[in-house]
Amino acid sequence: MKRSTVTSVGRHAVLLLGSAVVVLPFLWMFTTSLQSRAETYSNSSIFPTSWHWENYAVAWEAAPFGQYYLNSLIMAAGIVGGHLVLDAFAAYAFARLRFPLKNALFIVLLGALMIPTFVTVIPAYSLVASFGWIDTYAGLIVPRLADVFGIILLRQYFASIPAELEDAARIDGCSRIGIFFRIMVPLSLPAFATLAIFSFLFAWNDFLWPLLVTNSDELRTIQIGLSAFQGRYGTSWNYLMAGTLTATIPSIIVFMVFQRALVRGIAASGLKD
Amino acid sequence: MHSELRPGRTSGRGGAPRERYSREELLTAGLFLLPALVVLGVFVIYPIISAGYISLTSWNGFSPVKEFIGFDNYVRLSQDPEFWNSLLVTCIYAVGVSVLSVASGLVVALLLDAPLRGRGFYRGVYFLPAVTSSVAAAIVWRYMLDPSGFVNTVLAGVGVAGPDWLQDRWLALGALTLLTVWKNVGFNAILYLTALQALPVGVFEAAQMDGANFVQRLRYMTVPLLRPMTFFVVVQALITCFQAFDLVYVLTGGGPQGGTEVLGMIMYRQAFRLSDFGYGTAIAFVTLFLVLGVTLVNWRASGSGRSSLR
């Protein structure tokens, strides 16, 4: 009994030390974002000592962060929506329907998942450029409307739903499309939630593709805008950190609210997007 | 998609060829698959094939003509000191990240495995960097490592003159490695935690009764039993490193003097800065084969030494 108390205190000590290391950059970002410019070079306190909230307003004035935010939201909404619809349709076909070359097709998709993005990014870029989609929402969204990870995730979930439910519905005269919408979708809401969170985080944090297909502030997403802001105002640490923090908040909120679904998704699939 | 059905294909199996698939089922499958397959086909599968060809051309990305030059890009690659530097940097980076990812993920998972107050809190905290964007994470690290940033100010406080971290190629690579591990520690911990919770409890209790202490159980039971997950964590780490771009782009831009110019960075520079799409694609292809090769070797290694306990 006593020994287990000692071990658990020890575990807490190590875990807390680790947590401090993990959290330190976040804390430093927050503290710096509230300092005056002079303080950023002289004050190394981890916790805020002054409260210049106006830094946030200045940062948002200096660069069109509002526009970046809006662009990121539109892109994320498009990608999340696309994944939920297109991935779900394809996943259902792979989980439940019989058609020729099904396994071969699935293996091709799995193989595509292994290919580094760099291999596809150059031809995909020139394709999008030839469509005239550079600096458009279409260029940001359409190429990523479907993804293999979501198909695998949903297929796994659909396959775990008892087939008897479907058989019963079919006997009652329900079509396969009807089964999909009336049985599969309502029963799979947790899997949809997991996919939506993964897709949102992917879209919000994505960098390389938006960097390539956007040139103007009107279409830049928050990550690209932030990177450009760092190039322009790199010496104003307080404004830079205020901008960085505001760009980070949406993913942190989504993570905090949906932590369980996210962890469940990682545990279930053992896959990273 | 249903139109691709060739009646002859199934007849060899002795069944009635046309009855095997119902019409409604095929129609539905085609309808359901079409949207996703069009998107993936046009923007993933076609580019893979197209990339194979582009890597054999001297295309600049704009010209309508793609001049075929055979394997010249690959020959040039093999003689390009910048490419070899990049490959070396990526390999050192990948080894560092793999080792530290396994170690940190396993330690955090082991600490969180047994019931403990505040487990959910710790899990959330350790996962925080993983949901933060690479750009934000790299910006914060970059300024903390600045000569007048947090790290050196603290060092100065204890009387140590800190170096200019990101201006020394090895220190910069070390910082990049730590940043990558920091960002993924929560992810790896959750993977290990899942694997730990699936281990057979009975075997461990029996070993404990037979007098095996914690270190022995860890060394001879936990670690071998976790080998499949370790394989997965290492492969993920390798893929992360061979695909690394965002973190490097913001933290160091590939510098100093190519000290952190990983394969992703050199590919980007060649293709999108120097307009050498053919050469950039060749680099991407070599990266692809390296990733596949390393994964295969790793898989063989982890498969052949599989524990007899399982």
Side-chain angles (χ1 to χ4, degrees), chain A residues 8 11 14-15 18-19 22-23 25-26 28-29 41 44 86-87 89-90 92-93 97-101 109 112 114-120 122-124 126-127 143 145-146 148 151 176-177 201 204-205 207-208 212 223 226-227 230 237 240 244 247-248 251-252 255 259 263 266-267 270 272, chain B residues 5 9 21 24-26 28-29 32-33 35-36 39-40 43-45 47-48 50-51 54 61 108 111 116 122 124-126 128-129 131-136 139-141 143-144 148 150 153-154 187 190-191 194 232 236 242-243 245-246 250 264 267 271-272 277 280-281 284-285 287-288 291:
Chain A
S8 93
R11 283 164 68 201
V14 179
L15 283 168
S19 306
V22 169
V23 169
F26 292 98
W28 185 80
M29 168 165 63
Y41 293 104
S44 67
L86 272 61
D87 289 359
F89 280 149
Y92 179 68
L97 302 176
R98 294 180 317 139
F99 53 91
L101 299 177
L109 291 186
M114 300 263 310
I115 307 282
T117 25
F118 290 137
V119 176
T120 58
I122 292 172
S126 44
L127 200 62
L145 273 177
V148 180
I151 295 177
R176 292 191 192 266
I177 295 176
L201 289 175
W204 189 266
N205 294 336
F207 185 67
L208 179 59
L212 297 181
Q223 307 300 339
L226 186 59
S227 165
Q230 186 249 321
W237 295 11
L240 180 61
T244 309
T248 312
S251 2
I252 294 183
F255 166 63
Q259 205 195 119
V263 170
I266 295 169
K272 178 156 85 162
Chain B
L5 171 65
R9 201 180 108 67
Y21 304 107
E24 189 224 354
E25 200 168 7
L26 280 180
T28 317
F32 274 29
L33 283 170
V39 172
L40 292 173
F43 295 104
V44 180
I45 308 286
I48 292 173
S50 167
I54 292 177
V108 175
L111 288 166
L116 187 77
Y122 288 124
V125 167
Y126 282 97
L128 211 51
V131 297
T132 309
S133 77
S134 297
V135 177
I139 285 179
V140 175
W141 274 62
Y143 286 91
M144 287 182 79
S148 52
F150 178 79
T153 316
V154 170
F187 187 82
I190 288 177
L191 286 177
T194 317
F232 187 73
Q236 284 296 332
F242 277 89
Q243 296 214 41
F245 176 75
D246 316 5
V250 179
M267 192 247 18
F272 293 98
F277 277 48
T281 315
F285 253 88
T287 309
L288 165 66
V291 171

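In what follows, chains carry the letters A, B, and so on, assigned in the order in which the sequence lines appear, proteins first and then strands, with residues in each chain numbered from 1.
- Heavy-atom distances place the side chain of B:Ile45, and not its backbone, under 4.5 Å from chain A.
- Aromatic rings from B:Tyr143 and B:Phe150 are positioned such that their centres are separated by 6.0 Å or more.
- In this structure, the portions of B:Tyr126 lying under 4.5 Å from any heavy atom of chain A include both its backbone and its side chain.
- Listed options A:Ile122, A:Thr120, A:Thr244 were ranked by heavy-atom pairs under 4.5 angstrom with chain B; first place goes to A:Ile122.
- Looking at A:Tyr92, the atoms closer than 4.5 Å to chain B (heavy atoms on both sides) all sit in the side chain, from C-beta outward.
- Ranking B:Val250, B:Val108, B:Thr281, B:Leu128 against chain A, the residue ahead of the rest is B:Leu128, based on heavy-atom pairs under 4.5 Å.
- Under the 3.5 Å distance criterion, the side-chain polar atoms of A:Trp204 are left unmatched by any main-chain donor or acceptor of B:Val131.
- Proximity to chain B (any heavy atom under 4.5 Å) is shown, for A:Gln223, by both the backbone and the side chain.
- Between chain A and the options B:Ile48, B:Val154, B:Ile139, heavy-atom pairs under 4.5 Å are most frequent for B:Ile139.
- For the residue pair B:Leu116 and A:Ser8, the shortest heavy atom distance occurs at CD1-CB, 4.0 Å.
- Of the two parts of A:Ala124, the backbone and the side chain both hold a non-hydrogen atom closer than 4.5 Å to a non-hydrogen atom of chain B.
- The two residues A:Pro25 and B:Val140 come nearest to each other via the heavy atoms O-CG1, 3.4 Å.
- Only the side chain of B:Ile54 has a heavy atom closer than 4.5 Å to any heavy atom of chain A.
- Considering every non-hydrogen atom in both B:Asp246 and B:Ser134, the closest pair reads CB-CB, 3.5 Å.
- Taking every heavy atom of both residues into account, B:Ala136 and A:Thr248 meet most closely at CB-OG1, 3.5 Å.
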Determine whether A:Phe118 and B:Phe242 satisfy the following criterion, side chain to side chain contact (heavy atoms under 4.5 Å, CB included), listing intermediate values before the conclusion. CA-CA 10 Å; A:Phe118 290 137; B:Phe242 277 89; over 6 Å; no
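- Within the 4.5 angstrom heavy-atom criterion, atoms from both the backbone and the side chain of B:Met144 approach chain A.
- At least one donor-acceptor pair closer than 3.5 Å links the side chain of B:Glu25 to the backbone N or O of A:Arg98.
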With side chain to side chain contact (heavy atoms under 4.5 Å, CB included) as the criterion, how do A:Phe207 and A:Ser227 come out once you've worked through the C-alpha distance, each side chain's angles and the decisive distance to 0.1 Å? CA-CA 9 Å; A:Phe207 185 67; A:Ser227 165; 3.9 Å; yes
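- Of all the listed residues (B:Thr153, B:Val125, B:Val44, B:Thr132), the one sharing the greatest number of non-hydrogen pairs under 4.5 Å with chain A is B:Thr132.
- Both the backbone and the side chain of A:Ser251 come within contact range of chain B, each with at least one heavy atom under 4.5 Å from a heavy atom of that chain.
- Both the backbone and the side chain of A:Ile115 come within less than 4.5 Å of a heavy atom of chain B.
- The residue among B:Ala271, B:Ala284, B:Gly280 with the most heavy atom pairs within less than 4.5 Å of chain A is B:Ala284.
- The most heavy-atom pairs under 4.5 Å with chain B, out of A:Val23, A:Ile151, A:Thr117, come from A:Thr117.
- For A:Leu201, the part lying near chain B is the side chain, with the backbone staying farther off; criterion is any non-hydrogen pair under 4.5 Å.
- Once rounded to the nearest 0.5 Å, the distance linking OH of B:Tyr122 with OG of A:Ser19 reads 6.0 Å.
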